[in-house]
Asks: 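Let me begin by handing over the structure; questions about it come next.
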Amino acid sequence: MARIVINKVRKDFGDFTAVQESTFTIEDGEFFMLLGPSGCGKTTTLRMIAGLELPTSGEILLDGEEISQKPASQRDIAFVFQMFALYPHMNVRKNISYPLVSQGMRRHDVRAKVLEVAEILGIVDLLDRPVGGLSGGDRQRVALGRAIVRNPKAFMMDEPLGALDAEFRERMAEELRSLHDRMGATTVYVTHDQLEAMQMGDKIVVMNNAVVEQFGTPQEVYDKPASLFVADFIGSPSMNFLRFNGAVEKGATTVSLEGQVIDVPQQLAGASGDLIFGVRPEKIILNDSSGYRGEVLAAEYLGTTQIVTIKTANGVVKARINADQVVTTGELVGLSFVPESITLFDEPSGKANLSVLNQDVLNNGRS
Ligand code: ATP
C-alpha cells in the first residue's frame, strides 16, 4: 500500500527555484502522471519523492509517515530511469536478481522470485541471455523486472519510454499500463507527452515553470482546464481561444461575440472584462444558420474527421468536423459552439473563470 501526499514541497538550487510549493495527493494504486514541458520541475519532483533529492521545504508523506528527509535507501520506492541502465556484463537473470542478492536473500528464494517476475513480464525465455543483444523493449522489460522484484511500495518512472521509437513506445505504454493494472502498485510517471499522460494516467498533475497548474483526472484537465496554459498544452489541436471584451451578467447564460449572442454555461455568470472564450475543436459546429461567421483558410483531411482552419474577427480557430462535410477554402461559414463545453479565461491572469470549475478539481489535496 502506498498513498503519497505532497504538501507545499519546494526545491531551490541556489537562487533558482525548480519546484514551488507543490501540493497534491497520489492515492494508493494510482497510475499518476507528472506532465509538463522541459524544465518545469517534473523530474525534480519525482526525485524528491524517491529521496534522490531533498526538498528545501514542505513535507512528503508515504502512508502517513513523513519521509521528506529520509535517504532513498530507507523509502522502499523503486526508480526506473529513462536510460534503462542494465549491467552489461550480466545476463538477464543476474540483472533482475541483483537487488535481491544484494539484500542477502537466499539463492533458492531469489530463483523463485526472479522466475515469478519474468513470467509477469513474459521474458522467461530470455533469462539466460546476455543483455547486450536485447531489443529496446526487452531491455525495458528487464529494467522493470529489476524494479518489480524488490516488491517496493511504489514505482517512480522518469520518461521510461523516451528512448523507444514511436511504434514500440505505444506497445510498451500499453504493456506498462496493463502490468500496473495487474499489480496495482502506486506508480508516478514523468512525461512531457500530453497524449501519453491522457492515455495512461488515472490522474495528471500539469506543471509549468515550477508551478502545479492543475491536478485532476485526464477528463477534468481536458474538459475543465484551470488555466490557458493547461488548455493549450492538453489536446491536439489544442483549445481555441477567441479574445473579446465583455461580460456574462449575473443570471445570464450568454456572451456577445461581434454582436452575436452565444450561449455559455450558467456557471460562467459574473465573468467580465478582457476575456478569452475557450472552445475545443470538436465542440465547434459549422452551421450556416449561425450569425457568427468566419472564412475557411484550410481543411486538413484525416480520414474520419477533418481539421478546418477558420479566420474569425476574434482570432483563427481550428474546428474538428466530419470528413464528409463539404467545406471550401475561401468560403464564409457560420460557427456555433456546444454551450456546456465553453470555458472563459480571464485575459490578464490566464486563469479560468473559477466558478465554472468543480471545486474538487481546484482543491484536490489542498485541504
Ligand atoms: P526535463 O523533461 O527537461 O528533464 P523537467 O520538467 O523534468 O524537464 P527538471 O529536471 O526537474 O525539469 O529541472 C527543473 C529545473 O531545475 C531545470 O531548469 C533544471 O536545469 C534545474 N535543475 C535540475 N537539477 C538541478 C541541479 N542539481 N542544480 C541546478 N539546477 C537544477
Side-chain angles (χ1 to χ4, degrees), residues 4-24 26 30-60 67-73 75 77-85 136 140 143 147 154-166 168-170 172-173 176 186-201 203-216 218 221 225-236 238 350 365:
I4 302 168
V5 176
I6 309 294
N7 188 22
K8 298 191 180 129
V9 168
R10 177 188 183 96
K11 180 67 185 177
D12 295 331
F13 293 110
D15 291 342
F16 179 77
T17 302
V19 176
Q20 271 190 34
E21 271 84 34
S22 282
T23 296
F24 54 88
I26 302 159
E30 270 181 351
F31 202 109
F32 194 95
M33 314 302 278
L34 293 178
L35 171 70
S38 181
C40 69
K42 310 179 292 290
T43 296
T44 305
T45 304
L46 195 75
R47 288 173 62 82
M48 288 193 285
I49 300 173
L52 301 173
E53 209 71 77
L54 297 182
T56 308
S57 58
E59 51 177 16
I60 300 173
I67 55 159
S68 60
Q69 301 301 316
K70 263 192 172 180
S73 57
R75 294 197 187 187
I77 288 176
F79 204 103
V80 182
F81 294 91
Q82 177 180 14
M83 293 300 158
F84 19 95
Q140 182 66 32
F155 294 97
M156 302 293 118
M157 301 192 179
D158 192 0
E159 307 232 18
L161 309 181
L164 305 179
D165 64 44
F168 232 31
R169 203 181 153 99
E170 207 170 306
M172 284 306 291
L176 263 184
T186 307
T187 303
V188 188
Y189 186 110
V190 161
T191 181
H192 62 270
D193 181 339
Q194 57 95 17
L195 202 55
E196 196 168 86
M198 297 289 282
Q199 285 170 342
M200 295 175 80
K203 295 259 183 67
I204 302 177
V205 151
V206 186
M207 291 187 74
N208 181 36
N209 275 333
V211 171
V212 170
E213 293 265 338
Q214 191 169 1
F215 162 43
V221 294
S227 66
L228 285 173
F229 176 83
V230 175
D232 191 45
F233 196 75
I234 305 251
S236 177
S238 58

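These values consider heavy atoms only, across backbone and side chains, with no hydrogens, waters or symmetry-generated copies. Atoms within each ligand, like the ligands themselves, are counted from 1 in listed order.
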Asks: Take atom 20 (O) of ligand 1 and look for protein heavy atoms under 4.0 Å from it; say yes if you find one, no if not.
Replies: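 Within 4.0 Å of atom 20 (O) of ligand 1, no protein heavy atoms are found.
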Asks: N/O to N/O below 3.5 Å, does that happen between E53 and ligand 1?
Replies: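 Not met; the criterion fails.
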Asks: Within the 3.5 Å criterion, strictly below it, is a donor on E30 or T186 matched to an acceptor on the partner's side chain?
Replies: no
Asks: Considering non-hydrogen atoms of the protein only, which is the closest contact for atom 11 (O) of ligand 1, and what is the distance?
Replies: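 Nearest protein contact, heavy atoms only, for atom 11 (O) of ligand 1 is T44 OG1, 2.6 Å.
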Asks: Counting each atom of ligand 1 from 1 as listed, which ones have a heavy atom of T43 under 4.0 Å away?
Replies: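 Those of ligand 1 that fall under 4.0 Å from T43 are 4 (O), 5 (P), 7 (O), 10 (O), 11 (O).
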Asks: Look at the aromatic rings of F32 and F24 and report parallel, tilted or perpendicular, splitting at 30° and 60°.
Replies: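 Because their plane-to-plane angle is under 30°, the rings of F32 and F24 count as parallel.
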Asks: Give the residue, atom name and distance (to 0.1 Å) of the protein heavy atom nearest atom 5 (P) of ligand 1.
Replies: G39 N, 3.5 Å
Asks: Got an N/O contact under 3.5 Å between S38 and ligand 1?
Replies: yes
Asks: So if I count the atoms of ligand 1 from 1 in the order they appear, which ones are less than 4.0 Å from some heavy atom of P37?
Replies: 6 (O)
Asks: Measure the distance from atom 2 (O) of ligand 1 to every protein heavy atom, then report the residue, atom name and distance (to 0.1 Å) of the closest one.
Replies: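 Ranking protein heavy atoms by distance from atom 2 (O) of ligand 1, first comes K42 NZ, 3.3 Å.
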Asks: Examine distances only and state if a side-chain atom of K11 and a backbone atom of S57 form a donor-acceptor pair shorter than 3.5 Å.
Replies: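 Side chain of K11 to backbone of S57: no pair is present.
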Asks: If the contact criterion is a heavy-atom separation under 4.0 Å, does G41 count as touching ligand 1?
Replies: yes
Asks: Can you sort out which atoms of ligand 1 are near A18, meaning under 4.0 Å from one of its heavy atoms?
Replies: 16 (O)
Asks: For the residue pair S227 and E213, confirm or rule out a side-chain donor-acceptor distance under 3.5 Å.
Replies: yes
Asks: Would you call E21 and K8 a salt bridge, taking side-chain N to carboxylate O under 4.0 Å as the test?
Replies: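 Judged by the 4.0 Å cut-off on N to carboxylate O distance, E21 and K8 do not form a salt bridge.
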Asks: Answer yes or no for G14: is there a heavy-atom contact with ligand 1 below 4.0 Å?
Replies: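 Under 4.0 Å: no for G14.
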Asks: Given 3.5 Å as the limit, does a donor-acceptor pair link the side chain of D193 with the main chain of L195, or not?
Replies: yes
Asks: With side chain to side chain contact (heavy atoms under 4.5 Å, CB included) as the test, pick out the partner of F215 among V205, T23, V206.
Replies: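 Exactly one pass, corresponding to V205.
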Asks: Say whether E159 and Y189, considering side chains only, have a donor N or O and an acceptor N or O under 3.5 Å apart.
Replies: no
Asks: What atoms of ligand 1 come within less than 4.0 Å of a heavy atom belonging to C40?
Replies: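 Going through ligand 1 atom by atom, the ones under 4.0 Å from C40 are 5 (P), 6 (O), 12 (O).
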Asks: Short question: side chain of T17, backbone of Q20 - any donor-acceptor pair under 3.5 Å?
Replies: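 Such a contact is absent between T17 side chain and Q20 backbone.
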Asks: So which protein heavy atom does atom 15 (C) of ligand 1 come closest to, and at what separation?
Replies: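 Looking only at protein heavy atoms, the one closest to atom 15 (C) of ligand 1 is F16 CE2, 3.6 Å.
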Asks: Among protein heavy atoms, which lies nearest atom 27 (N) of ligand 1, and at what distance?
Replies: F13 CE2, 3.4 Å
